[in-house]
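Please read the structure below before turning to the comments.
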Amino acid sequence: IGRDRIEPEELYAGRTNIPLAKRIARGAVFVVAHDRFYMSYRQLSSYSGITKRNIMRSVRSYKDTPDSDINSVNEFINLKLENFPLL
């Protein structure tokens, strides 16, 4: 839709004021890692360099986003993960 692609290194940049698309992408990464791959928030914090508290805040923010705003994100994630060999 004319948006720039969000690269993985941008998700973990630890900035406090990030654009909405990056905030949603960051939350989606943490939700998938935690809910589907059972990574603890401590592990995510260790890998990302973001505090456990901020990761939990990001997850909560993502889950509290109205479904109408993130339905396409969730559909895309589910479609990609269906073909992921570890599932």
Side-chain angles (χ1 to χ4, degrees):
I1 306 175
R3 294 184 190 164
D4 291 333
R5 186 176 165 168
I6 299 171
E7 298 298 327
E9 59 273 5
E10 294 178 86
L11 294 175
Y12 305 114
R15 290 180 228 120
T16 57
N17 190 12
I18 60 176
L20 178 62
K22 290 181 183 177
R23 187 169 25 134
I24 289 174
R26 179 184 283 183
V29 167
F30 292 143
V31 166
V32 169
H34 182 263
D35 292 354
R36 289 192 182 235
F37 296 105
Y38 307 105
M39 291 182 71
S40 70
Y41 292 127
R42 179 177 286 144
Q43 289 172 314
L44 291 171
S45 176
S46 163
Y47 291 128
S48 68
I50 298 172
T51 65
K52 186 171 105 172
R53 179 176 179 239
N54 284 339
I55 290 172
M56 290 169 40
R57 182 182 297 156
S58 180
V59 166
R60 184 174 47 249
S61 174
Y62 180 79
K63 288 182 175 183
D64 288 346
T65 303
D67 287 339
S68 60
D69 291 343
I70 60 169
N71 273 343
S72 60
V73 173
N74 287 330
E75 288 173 14
F76 178 77
I77 290 170
N78 289 330
L79 178 67
K80 292 296 181 181
L81 288 176
E82 283 177 5
N83 298 324
F84 197 72
L86 295 177
L87 294 177

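Hydrogens, waters and symmetry mates are skipped; everything else that's a heavy atom, side chains included, is used.
- Linking Ile, Leu, Val, Met, Phe, Trp and Tyr whenever their side-chain heavy atoms come within less than 4.5 Å puts Y47 and V59 in one cluster.
- Remark: R53 pairs with T51, R57 by the side-chain contact (heavy atoms from CB on, under 4.5 Å) rule, at least two apart or across chains.
- Expressed to the nearest 0.5 Å, how far OH of Y41 lies from OG of S58 amounts to 9.5 Å.
- To the nearest 0.5 Å, atoms CG (L81) and CZ (F37) are separated by 5.5 Å.
- Scanning all heavy atoms of the two residues, the minimum distance from Y62 to V73 falls at OH-CG1, 3.6 Å.
- The shortest non-hydrogen separation linking R42 to K52 is N-CD, 4.0 Å.
- When all heavy atoms are compared, the tightest approach of Y38 to Q43 is O-OE1, 4.2 Å.
- In this view, K63 and D35 satisfy the salt bridge (charged side-chain N to carboxylate O under 4.0 Å, His left out) rule, not counting sequence neighbours.
- Taken from CG in D67 to OG in S72, the straight-line distance is 11.5 Å, to the nearest 0.5 Å.
- You'll find the side chain of H34 stays beyond 4.5 Å of the side chain of I55, heavy atoms only.
- With a 4.5 Å cut-off on side-chain heavy atoms, N78 and R36 count as touching.
- In plain terms, the two heavy atoms of I50 and S45 that are nearest each other are O-OG, 2.7 Å.
- Taking CG from D64 and CD1 from I70, the interatomic distance works out to 9.5 Å, rounded to the nearest 0.5 Å.
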